[in-house]
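When a residue number appears, it is its place in the shown sequence, counting from 1.
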Amino acid sequence: MSATLPTGQTPANHALPDGSPPTDARPRRRAADRIADHAPMRRTGDRAPARPLTRGPSRRSGDYRTRHTVSLVVPARDEARNIPWVFEQIPSCVDEVILVDGASRDATVAMARTCRPAVRNVAQSAPGKGSALRTGFAAATGEYIVMIDADGSMWPGEIPHFLHFLDHGYDFVKGSRRMAGGGSLDLTPLRALGNKALLLVVNRLYGGLLTDLCYGYCAFRRDFLAELDLRATGFEIEAEMIAHALRSGLRIAEVPSLELPRRSGRSHLHAVSDGRRVLRTLLAERPGAGEGR
């Protein structure tokens, strides 16, 4: 059977009777022809390009809306190499950043001002992490106060989780490395054993149900700063805060947190001596300890 064309039309790619090419001559696509792709096609044996390894989370946290103002207190001593990463990760829900400098010998203060020009630099009143935190708390103006270390071991992107619980009625929120979703990439066996023992003490003496103790990622309402009644000068201030919060009947929440390795430099923590100070604080501040004196 032959196909017929309408009168006056010439089959495509067929020459006219005089030998000249047709006016609508277009090369026909052969079955073997392929459409060129702008991107090279992946073969089944190809591997996906490897992603670069990073230490700790590299993504920024999503924006979190809160009706309350937030102050972030960052005690630091010789942390110039870690400050840029920490400050770059601070979420937009933080209204005020207070750097409490412990007489740093490096460019900690200058680096902080370079990374965040609006940072408030406050010199701590006495040596020790406890003194630094108390200085920062006194200078804070926000309705919520968050405390975080400057060594990069705590990811600022977790701050919205703490604020969420404060917004929903809790008075004091602390990070836990022992809850599902939390963990530690820096906890040594000695520190883990000491933390477990001290945790048993605080839960027994104060009637708590905590899962972690010696971890200083905390947030609280500034209205309860007087209730916390902080006096410690060293690392034991973190245990003192928990003990006084439990003793005062504050509503406490724990949120999972991932402790990262210190990004640079050496830790100022001394596990044995600081552990003893924490134990003495827990025993001295337990309910009823001062009665009868």
Side-chain angles (χ1 to χ4, degrees), residues 56-57 61-62 64 66 70 72-75 86 89-91 93-94 129-130 133 144-221 224 228 230 232 235-262 267 269 271 274-275 278-279 281-282 285:
S61 64
Y64 178 82
T66 178
V70 180
L72 179 63
V73 176
V74 187
V86 174
Q89 304 291 326
I90 296 175
C93 54
V94 173
K129 183 176 183 180
L133 286 173
Y144 293 162
I145 297 178
V146 184
M147 50 187 277
I148 195 172
D149 289 347
D151 59 3
S153 62
M154 301 170 183
W155 183 40
E158 293 178 351
I159 291 176
H161 302 305
F162 291 74
L163 302 183
H164 172 81
F165 280 86
L166 291 177
D167 280 341
H168 286 78
Y170 287 91
D171 307 314
F172 191 97
V173 185
K174 63 181 298 296
S176 173
R177 300 162 293 181
R178 297 299 186 182
M179 296 180 66
S184 177
L185 303 178
D186 192 48
L187 197 61
T188 64
L190 178 61
R191 288 176 56 206
L193 180 62
N195 185 66
K196 184 176 181 180
L198 293 170
L199 180 64
L200 292 174
V201 172
V202 73
N203 283 336
R204 180 66 179 272
L205 295 181
Y206 295 84
L209 296 173
L210 302 177
T211 62
D212 200 354
L213 177 64
C214 300
Y215 186 52
Y217 203 162
C218 302
F220 57 93
R221 298 176 183 269
F224 290 105
L228 294 178
L230 302 175
F235 280 92
E236 71 275 11
I237 191 172
E238 298 163 2
E240 183 184 52
M241 294 178 71
I242 303 300
H244 289 184
L246 287 169
R247 194 178 64 182
S248 300
L250 300 186
R251 293 162 293 185
I252 302 176
E254 286 187 307
V255 297
S257 179
L258 176 63
E259 182 183 31
L260 304 171
R262 163 180 276 272
S267 174
L269 176 68
D274 289 326
V278 169
L279 179 59
T281 298
L282 294 177
E285 301 298 327

Legend entry - Separation of Ile242 CD1 from Leu198 CG (nearest 0.5 Å): 12.5 Å
Inset, instruction - Please report the closest heavy-atom contact between Arg178 and Ala192, naming both atoms and the distance. - result: NH2-CB, 3.8 Å
Legend entry - Given Glu158, Glu238, Glu254, the one that forms salt bridge (Lys or Arg N to Asp or Glu O under 4.0 Å) with Lys174: Glu254
Inset, instruction - Indicate yes or no: at least one non-hydrogen side-chain atom of Leu260 is less than 4.5 angstrom from one of Leu258. - result: yes
Legend entry - Closest non-hydrogen atom pair between Ile159 and Cys93, with its separation: CG2-SG, 4.5 Å
Legend entry - Check: Arg221 side chain, Leu166 main-chain N or O, donor-acceptor pair, under 3.5 Å: yes
Inset, instruction - First locate atom CD of Glu236, then atom OG1 of Thr281, and finally report the distance between them rounded to the nearest 0.5 Å. - result: 4.5 Å
Inset, instruction - Decide side-chain contact (heavy atoms from CB on, under 4.5 Å) for Leu282 and Leu213; before the verdict, give the C-alpha distance in whole Å, the side-chain angles of both, and the deciding distance to 0.1 Å. - result: CA-CA 11 Å; Leu282 294 177; Leu213 177 64; 4.0 Å; yes
Inset, instruction - Could you walk me through whether Phe235 and Val278 pass the side-chain contact (heavy atoms from CB on, under 4.5 Å) test, one step at a time? - result: CA-CA 8 Å; Phe235 280 92; Val278 169; 5.8 Å; no
Inset, instruction - Take Tyr215 and Ser176, measure what side-chain hydrogen bond (donor to acceptor under 3.5 Å, both in side chains) needs, and give me the verdict at the end. - result: CA-CA 7 Å; Tyr215 186 52; Ser176 173; over 6 Å; no
Legend entry - From CG (Leu163) to OG1 (Thr66), nearest 0.5 Å: 6.0 Å
Legend entry - Exercise: identify the closest heavy-atom pair between Pro256 and Gly181: CB-C, 3.7 Å
Inset, instruction - Taking the side chain as every heavy atom from C-beta outward, state whether Phe224 and Leu250 have any atom pair closer than 4.5 Å. - result: yes
Legend entry - For Val74 against Ala150, the heavy-atom pair lying closest together: CG1-CB, 3.6 Å
Legend entry - Heavy-atom side-chain contact between Pro261 and Ser153 under 4.5 Å: no
Inset, instruction - Give the minimum heavy-atom separation between Ser184 and Arg177, together with the two atoms involved. - result: CB-CD, 4.1 Å
Inset, instruction - May I ask you to decide if the ring planes of His168 and His164 are parallel, tilted or perpendicular, using 30° and 60° as cut-offs? - result: tilted
Inset, instruction - Identify the residue among Ile148, Val94, Leu72 that makes a side chain to side chain contact (heavy atoms under 4.5 Å, CB included) with Pro156. - result: Ile148
Inset, instruction - Would you sort out whether Leu228 and Phe172 count as a side-chain contact (heavy atoms from CB on, under 4.5 Å), showing the intermediate values? - result: CA-CA 10 Å; Leu228 294 178; Phe172 191 97; 4.3 Å; yes
Inset, instruction - Check whether any side-chain heavy atom of Val146 sits under 4.5 Å from a side-chain heavy atom of Cys218, and report yes or no. - result: no
Inset, instruction - State whether the side chain of Tyr206 and the backbone N or O of Glu285 hold a donor-acceptor pair below 3.5 Å, judged by distance alone. - result: yes
Inset, instruction - Dump the intermediate steps for side-chain contact (heavy atoms from CB on, under 4.5 Å) on Leu210 and Leu199, then the final yes or no. - result: CA-CA 7 Å; Leu210 302 177; Leu199 180 64; 3.9 Å; yes
Legend entry - Criterion salt bridge (Lys or Arg N to Asp or Glu O under 4.0 Å) on Asp149 and Arg262, from CA distance to verdict: CA-CA 10 Å; Asp149 289 347; Arg262 163 180 276 272; over 6 Å; no
Legend entry - Pairwise side-chain contact, Ile252 with Asp171, heavy-atom cut-off 4.5 Å (strictly under): no
Inset, instruction - Provide the closest heavy-atom pair for Met179 versus Thr211 in the form atom of the first, atom of the second, distance. - result: CG-OG1, 3.5 Å
Inset, instruction - Output yes when a side-chain donor or acceptor of Arg191 lies under 3.5 Å from a complementary backbone atom of Asp186, and no otherwise. - result: yes
Inset, instruction - Starting at OG of Ser257, measure out to CE of Met154 and round the result to the nearest 0.5 Å. - result: 7.0 Å
Inset, instruction - Report the residue from Val201, Asn203, Val202 that forms a side chain to side chain contact (heavy atoms under 4.5 Å, CB included) with Leu205. - result: Val201
Inset, instruction - State the CG-CD distance between Asp212 and Glu259, to the nearest 0.5 angstrom. - result: 8.5 Å
Legend entry - is_close_aromatic(Tyr217, Phe162), centroid dist under 6.0 Å: yes
Inset, instruction - Give me the one residue out of Leu133, Val70, Val73 that meets side chain to side chain contact (heavy atoms under 4.5 Å, CB included) with Ile145. - result: Val73
